[in-house]
Amino acid sequence: ISQSEMPVFDRRQATNAAPSVASLVQRLRNGTPPQILQALQALGTLAATTKLTISREGGIGPLVDILVRGDDMLKKEASAVLSQLAHNRANQIEIAAVGGVRPLLNLLVSSNRVCKSNACVALGCLSYNSVNQEEILKYNGLSRLIRLLASDNKIVKRNAATVLANLATNEQARTAIAKNGGIPSLVELLTATDEGTREQAARAIASLGHNNDNLEVISEEGGIGSLVQLLSTGSETCKQHAAKALASLAHNRNNQIAIVEEGGLPPLLDLLVSSKTSKLSASLALAYLSYNPNNKVAIVEHGGIPRLIRL
């Protein structure tokens with residue numbers, strides 16, 4: 001029976017009987033291992049709707065401490081709670097402030113698959129914060145994240161790609177991702193079966209393309225063909241990131257030729273009548289492609305002039 005279907009009297013009794021967030025947090029600090037486990041499980045149930053309350057009651061510090069000192073069962077439950085709390089921006093700052101990044105990175109090499117998955121989700125959220133990006137780089141998270149791109153767990157794979165896409169907005173990280181062999185793995189994920197993974201891989205490639213040394217590597221690994229394919233078969237978000245990535249790649253003269261040879265013109269021209277963001281990325285890619293004389297002719301032949309004029 002759902003809560004909404006419970007009689008008023010029963011629902012009130014259930015509410016009164018439920019421990020408060022404050023008491024659960026206190027149990028994390030002072031309880032026995034079984035009591036801590038029960039508190040973690042209760043907080044896991046509440047976390048989706050009480051993200052800020054748990055933080056205000058001082059819950060993040062004890063949760064991070066459990067990641068360091070707890071056994072695998074406690075770490076699994078604590079990382080599950082943190083993976084939910086990390087969706088809140090204020091909590092992203094707090095988790096890092098109490099030293100949460102490093103133990104989460106340590107869980108990426110855990111033998112416990114659930115711990116690893118929870119840590120990946122949490123880091124995927126935390127990495128949207130630039131300060132947290134520096135922490136991930138500082139504690140050598142890159143190599144662990146790149147290895148996880150080959151995971152057979154789609155949640156792990158998608159969130160590892162998310163972290164790398166966020167890190168790739170940092171110039172230092174763009175170079176480090178390439179040096180650690182991240183580009184081939186990310187290019188491979190452009191053809192993953194999971195839509196979310198493809199989106200994050202395309203977003204990462206788009207940012208990595210801002211480094212000139214990476215442009216040739218992405219092309220050599222077959223990235224151009226996969227990105228062109230996403231322009232036609234991907235979600236709207238995939239198309240947006242793929243067009244942005246091709247715009248970066250088109251800074252390179254050889255890539256200008258390769259993009260057209262891979263059939264990139266028609267889908268880029270189609271995006272000119274798409275969403276505002278995709279339209280901007282496609283028009284930018286076409287602008288760089290048009291520096292090649294042969295591409296100018298091809299754009300005209302594919303009916304690009306009327307569409308460009310309407311912009």
Side-chain angles (χ1 to χ4, degrees), residues 82-83 86-87 89 92-93 95-97 99-109 116 119-151 155-190 192 196-224 226-227 237-238 240-252 255 281:
L82 286 168
S83 71
H87 283 80
R89 290 185 181 181
Q92 291 167 9
I93 297 170
I95 290 169
V101 171
R102 192 170 190 176
L104 284 168
L105 288 172
N106 289 339
L107 287 184
L108 296 184
V109 294
K116 188 180 295 185
C120 258
V121 173
L123 289 164
C125 296
L126 293 176
S127 62
Y128 282 96
N129 179 289
S130 59
V131 175
N132 295 347
Q133 291 171 12
E134 296 293 339
E135 288 277 295
I136 293 169
L137 292 173
K138 176 182 175 182
Y139 294 118
N140 302 313
L142 270 183
S143 57
R144 298 177 190 181
L145 290 160
I146 290 170
R147 283 196 294 272
L148 290 178
L149 295 178
S151 171
I155 295 174
V156 168
K157 190 179 295 188
R158 183 195 310 151
N159 282 282
T162 299
V163 180
L164 291 170
N166 289 334
L167 292 176
T169 60
N170 176 300
E171 178 56 39
Q172 176 192 352
R174 282 196 283 270
T175 302
I177 289 170
K179 285 184 176 179
N180 281 275
I183 291 178
S185 297
L186 286 165
V187 168
E188 185 176 347
L189 290 187
L190 294 174
T197 301
R198 292 198 298 272
E199 289 176 2
Q200 295 304 326
R203 186 164 72 92
I205 294 293
S207 291
L208 289 169
H210 291 297
N211 180 302
N212 288 332
D213 293 334
N214 293 344
L215 295 178
E216 290 186 8
V217 180
I218 294 168
S219 177
E220 289 167 359
E221 292 296 332
I224 290 176
S226 297
L227 289 165
T237 303
C238 267
Q240 172 192 326
H241 293 314
K244 190 174 181 181
L246 289 169
S248 296
L249 289 166
H251 282 76
N252 178 287
N255 289 345
S281 297

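Along the sequence shown, residues are numbered consecutively beginning with 1.
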Enquirer: For a side-chain contact (heavy atoms from CB on, under 4.5 Å) with L145, tell me which candidate from L167, V156, T162 qualifies.
Expert: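 Going through the options one by one, the only one that passes is L167.
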
Enquirer: Is the shortest heavy-atom distance from the side chain of I218 to the side chain of N255 under 4.5 Å?
Expert: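 Heavy-atom side-chain distance check fails, nothing below 4.5 Å.
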
Enquirer: Would you say V131 and I93 make side-chain contact, with heavy atoms under 4.5 Å?
Expert: no

Enquirer: Taking all non-hydrogen atoms of both residues, which atom of L190 and which atom of G223 are closest, and how far apart?
Expert: CD1-O, 4.1 Å

Enquirer: Roughly how far apart are R158 CZ and R198 CZ, rounded to 0.5 Å?
Expert: 11.0 Å

Enquirer: How long is the span from the OG atom in S226 to the CG atom in L186, to the nearest 0.5 Å?
Expert: 12.0 Å

Enquirer: Closest approach of L208 and N214, non-hydrogen atoms and distance?
Expert: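 L208 and N214 have their closest heavy atoms at O-ND2, 3.0 Å.
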
Enquirer: With a 4.5 Å heavy-atom cut-off, do L164 and L142 have their side chains touching?
Expert: yes

Enquirer: What's the spacing between N159 CG and S127 OG if we round to 0.5 Å?
Expert: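 Reported value, rounded in 0.5 Å steps: 8.5 Å.
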
Enquirer: Quick check: closest heavy atoms across A86 and C125, and the distance to 0.1 Å?
Expert: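 Of all heavy-atom pairs spanning A86 and C125, the closest is O-CB, 3.1 Å.
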
Enquirer: Is the shortest heavy-atom distance from the side chain of S219 to the side chain of N252 under 4.5 Å?
Expert: no

Enquirer: Pair R89, N129 - check side-chain contact (heavy atoms from CB on, under 4.5 Å), show working.
Expert: CA-CA 8 Å; R89 290 185 181 181; N129 179 289; over 6 Å; no

Enquirer: Please lay out, stage by stage, how L249 and L227 fare under the test side-chain contact (heavy atoms from CB on, under 4.5 Å).
Expert: CA-CA 10 Å; L249 289 166; L227 289 165; 3.5 Å; yes

Enquirer: Measure across A202 and A242 and return the closest heavy-atom pair with its distance rounded to 0.1 Å.
Expert: CB-N, 4.2 Å

Enquirer: Does the side chain of L148 come within less than 4.5 Å of K116's, by heavy atoms?
Expert: yes

Enquirer: State, yes or no, whether a side-chain contact exists between N106 and R144 at a heavy-atom distance under 4.5 Å.
Expert: yes

Enquirer: Check whether H210 reaches the backbone of S207 with its side chain - one donor and one acceptor, N or O, closer than 3.5 Å.
Expert: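 Between the backbone of S207 and the side chain of H210 there is no qualifying donor-acceptor contact (under 3.5 Å).
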
Enquirer: Nearest 0.5 Å, what's the CZ-OG distance between R147 and S185?
Expert: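 So the CZ of R147 and the OG of S185 are separated by 11.0 Å.
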
Enquirer: Return the OG1 to CD distance between T197 and E188, rounded to the nearest 0.5 Å.
Expert: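 It comes to 12.0 Å.
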
Enquirer: Give the minimum heavy-atom separation between V187 and E221, together with the two atoms involved.
Expert: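 Closest pair (atom of V187, atom of E221, distance): CG1-O, 3.4 Å.
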
Enquirer: Taking K157 for its side chain and S151 for its backbone only, find out whether a donor-acceptor pair lies under 3.5 Å.
Expert: yes

Enquirer: Could you tell me whether the side chain of Q133 reaches within less than 4.5 Å of the side chain of T169, counting heavy atoms only?
Expert: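 They are in contact (side-chain heavy atoms under 4.5 Å apart), so the answer is yes.
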
Enquirer: Atom CG of N140 and atom CZ of R102: how far apart are they, to the nearest 0.5 Å?
Expert: 9.0 Å

Enquirer: Measure across A119 and L104 and return the closest heavy-atom pair with its distance rounded to 0.1 Å.
Expert: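 Minimum heavy-atom separation between A119 and L104: CB-O, 3.5 Å.
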
Enquirer: Please determine, by modelled atom types, if R203 and Q200 share a side-chain donor-acceptor pair under 3.5 angstrom.
Expert: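 Side chains of R203 and Q200: pair found under 3.5 Å.
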
Enquirer: Taking the side chain as C-beta and beyond, is there a heavy-atom pair between N170 and E134 under 4.5 Å?
Expert: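 Sidechains of E134 and N170: in contact.
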
